[in-house]
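Right, one structure below, let's go through it.
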Number of protein chains: 2
Amino acid sequence: MAVAKLARTAPSPQATCTPISCKKCGVYQLCVPLGVDGTDLALLESIVKRKEVYKRGQVLFRPGERFDCIYALRSGSVKTSVISADGRVQIAGFHVAGELLGLSAYASGQYSCEATALETISVCKVEVERLDQLAKTMPSIYFEMLKISSEQIRRDEELMLLLGTRRAEERLAEYLIGLSRRFASRNYSATQFRLSMSRKDIGSYLGMAEETVSRILARFQEDGCISIAHREVHLNDLDRLSAIARNAGNV
Amino acid sequence: MAVAKLARTAPSPQATCTPISCKKCGVYQLCVPLGVDGTDLALLESIVKRKEVYKRGQVLFRPGERFDCIYALRSGSVKTSVISADGRVQIAGFHVAGELLGLSAYASGQYSCEATALETISVCKVEVERLDQLAKTMPSIYFEMLKISSEQIRRDEELMLLLGTRRAEERLAEYLIGLSRRFASRNYSATQFRLSMSRKDIGSYLGMAEETVSRILARFQEDGCISIAHREVHLNDLDRLSAIARNAGNV
DNA sequence: CGACGGTTTGAGCACCTTCAAGGAATGTGG
DNA sequence: CCACATTCCTTGAAGGTGCTCAAACCGTCG
């Protein structure tokens with residue numbers, strides 16, 4: 001498989017890579033299961049615009065804008081947020097390299113949420129129009145996107161469970177564990193990483209005030225299960241964190 | 001279009017109707033945009049199992065079960081819930097006639113949530129395997145399902161916004177308004193309807209205790225903006241409810 | 001260096017939960 | 001059809017979690 005070969009030539013996170021070949025790019029997630037061969041590969045590359053870079057705070061898309069591109073995140077992290085009529089903000093998701101953004105716009109043709117870079121990021125933009133055209137000859141593209149969407153729904157269900165049934169302390173413990181798993185699955189350290197979100201964003205994501213985030217992180221540190229300075233976290237005791245998340249006060 | 005014609009022959013909610021033709025059935029939502037003609041129609045009917053009936057409290061599918069069918073709800077209502085490891089339950093959604101259930105299982109091949117009938121319901125079961133086969137000759141099926149999924153994601157984002165940023169009173173007002181809109185869009189009364197969920201389920205859906213639901217509903221009634229007896233609700237003042245949902249105490 | 005955003009910490013209080021108990025409605029079995 | 005069991009709903013009282021407001025600290029960036 002051409003793609004696999006290409007992937008092998010550029011597997012490291014830092015290396016430059018074509019949109020299709022890079023394992024850390026969401027387009028890979030979309031294309032590899034299709035079993036693309038040499039010809040198709042050229043096709044696929046034709047729909048992927050050259051990568052773009054956004055700086056911290058820049059917005060990829062806003063609610064109401066015409067849905068013209070799907071964004072495949074190659075590096076860095078992005079938050080997506082929904083905003084109510086009266087201006088309250090809920091962070092709906094937090095995305096890292098290898099994930100696709102903008103899919104929820106398919107139904108209405110407009111983006112429903114806002115996507116903001118949390119640090120300098122690099123994305124591949126995939127034009128929906130050309131993707132739709134391509135899908136005529138390669139229908140399985142929609143199937144792969146359907147699977148990705150369905151995965152998103154599953155994650156959303158999890159977040160709802162978190163927001164609806166857990167106390168602040170449990171939510172935050174769960175959040176840290178989730179980050180840990182996510183980093184681990186991408187071959188980064190599971191116990192030491194950098195929070196790219198501010199306390200305020202974490203609070204918004206988890207449905208609590210930023211002060212509460214601060215206080216609970218401090219409490220975790222007193223307990224010894226984490227060490228935290230600025231945005232650098234070290235998880236000292238994952239079991240204990242899990243126990244807290246499960247509301248089992250002591251291990 | 002054959003489908004449209006069929007639909008016209010059986011438009012009333014009470015009339016018996018084929019799975020494909022019935023406007024109140026989710027399969028319709030899936031098939032009509034495909035522009036199915038006579039031949040395709042036969043194809044489509046071939047994948048839809050004869051309707052099944054579930055009674056109140058019966059479970060359509062559970063987390064972990066093999067994903068073999070998509071359920072199109074023809075009548076009645078269904079709740080979907082997710083359950084955490086320690087047994088806490090979050091109602092993730094509430095579905096009425098015309099909606100599809102089970103799509104979030106596509107990614108993993110297993111259902112991720114539990115679907116329970118809230119009253120006697122009638123569903124069409126669509127076998128995934130046969131749907132996948134059919135999609136080979138009619139690829140747009142996946143596109144339509146992708147759109148439906150993306151709509152689901154949008155709704156989930158809304159619920160997260162509700163759970164994360166609103167106070168109990170606002171959430172409940174929003175919930176009633178949402179129900180009202182949903183009924184209105186299906187040509188039922190927008191101001192008078194029956195709650196098919198228990199107070200407990202509503203509470204779980206909105207992330208609050210059932211007692212809180214009771215108390216706030218009573219407060220709404222005192223204020224005069226709703227009348228409620230048992231599960232029969234009448235919305236007397238939708239504007240006022242909207243104002244409450246927006247945290248604008250007085251109209 | 002000064003300004004600014006992000007973070008921490010404190011105090012008081014509001015909202016909502018928990019626990020408890022009684023009443024209404026629904027369903028079940030005799 | 002009635003008696004009983006069960007679930008659902010309501011209401012009260014007490015207490016805690018987490019919010020708001022406020023102020024100070026820190027790190028970063030121009």
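Not measured: the values here are computed from a predicted model. Proteins get letters first, then strands, A, B, ... in listed order; numbering begins at 1 in each.
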For this session: Would you please test A:Cys124 and A:Glu52 for side chain to side chain contact (heavy atoms under 4.5 Å, CB included) and show each step?
Result: CA-CA 6 Å; A:Cys124 294; A:Glu52 282 187 18; over 6 Å; no
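- Ring centers of A:Tyr71 and A:Phe61: under 6.0 Å apart, within the cut-off.
- Under a 3.5 Å cut-off, the side chain of A:Arg240 and the backbone N or O of A:Cys225 do not form any donor-acceptor pair.
- With 3.5 Å as the limit, one finds no donor-acceptor pair spanning the side chains of B:Arg88 and A:Thr165.
- A donor atom on one side chain and an acceptor atom on the other are not found under 3.5 Å apart for B:Thr80 and B:Glu114.
- Distance, A:Lys200 NZ to D:dC19 P: 14 Å, rounded to whole Å.
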Exercise. Can you give one letter per nucleotide of nucleotides 14-23 of chain C, 5' to 3': B if a protein heavy atom sits under 4.0 Å from the base, S if only from the sugar-phosphate, - if neither?
Worked result: -SSBBB----
Between the protein and nucleotides 24-27 of chain C, list the N/O to N/O atom pairs that are separated by less than 3.5 angstrom.
residue: C:dA25; atom: OP1; partner: B:His230; partner atom: NE2; Å: 3.4

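- For B:Arg199, taking side-chain heavy atoms from C-beta onward, the closest of the listed nucleotides D:dT10, C:dG6, C:dT9 is D:dT10.
- Spacing between atom CG of A:Leu195 and atom P of D:dG27 amounts to 16 Å, rounded to whole angstrom units.
- As a whole-Å value, the separation of B:Asp201 CG from D:dT7 P is 14 Å.
- Minimum interatomic distance between A:Ile244 and A:Ala173 (heavy atoms only, all atoms of both residues): CG2-CB, 3.9 Å.
- Legend: salt bridge (Lys or Arg N to Asp or Glu O under 4.0 Å) pairs involving residues 199-212 of chain A, not counting sequence neighbours, sorted by first then second residue: A:Lys79-A:Asp201.
- If you take CZ of B:Phe220 and C1' of D:dC9, they are 17 Å apart, rounded to a whole angstrom.
- Here B:Phe94 and B:Tyr205 keep their ring centres 6.0 angstrom or further from each other.
- Nucleotide D:dC19 holds its C1' atom 13 Å from the CD atom of B:Glu170, rounded to whole Å.
- With 3.5 Å as the limit, one finds a donor-acceptor pair spanning the side chains of B:Ser196 and B:Ser77.
- Rounded to an integer number of Å, the gap from A:Gln221 CD to C:dT9 C1' is 14 Å.
- The CZ atom of A:Arg88 sits 13 Å away from the C1' atom of D:dC19 (whole-angstrom rounding).
- Rounded to whole angstrom, the span from the CG atom of A:Leu172 across to the P atom of C:dT8 amounts to 11 Å.
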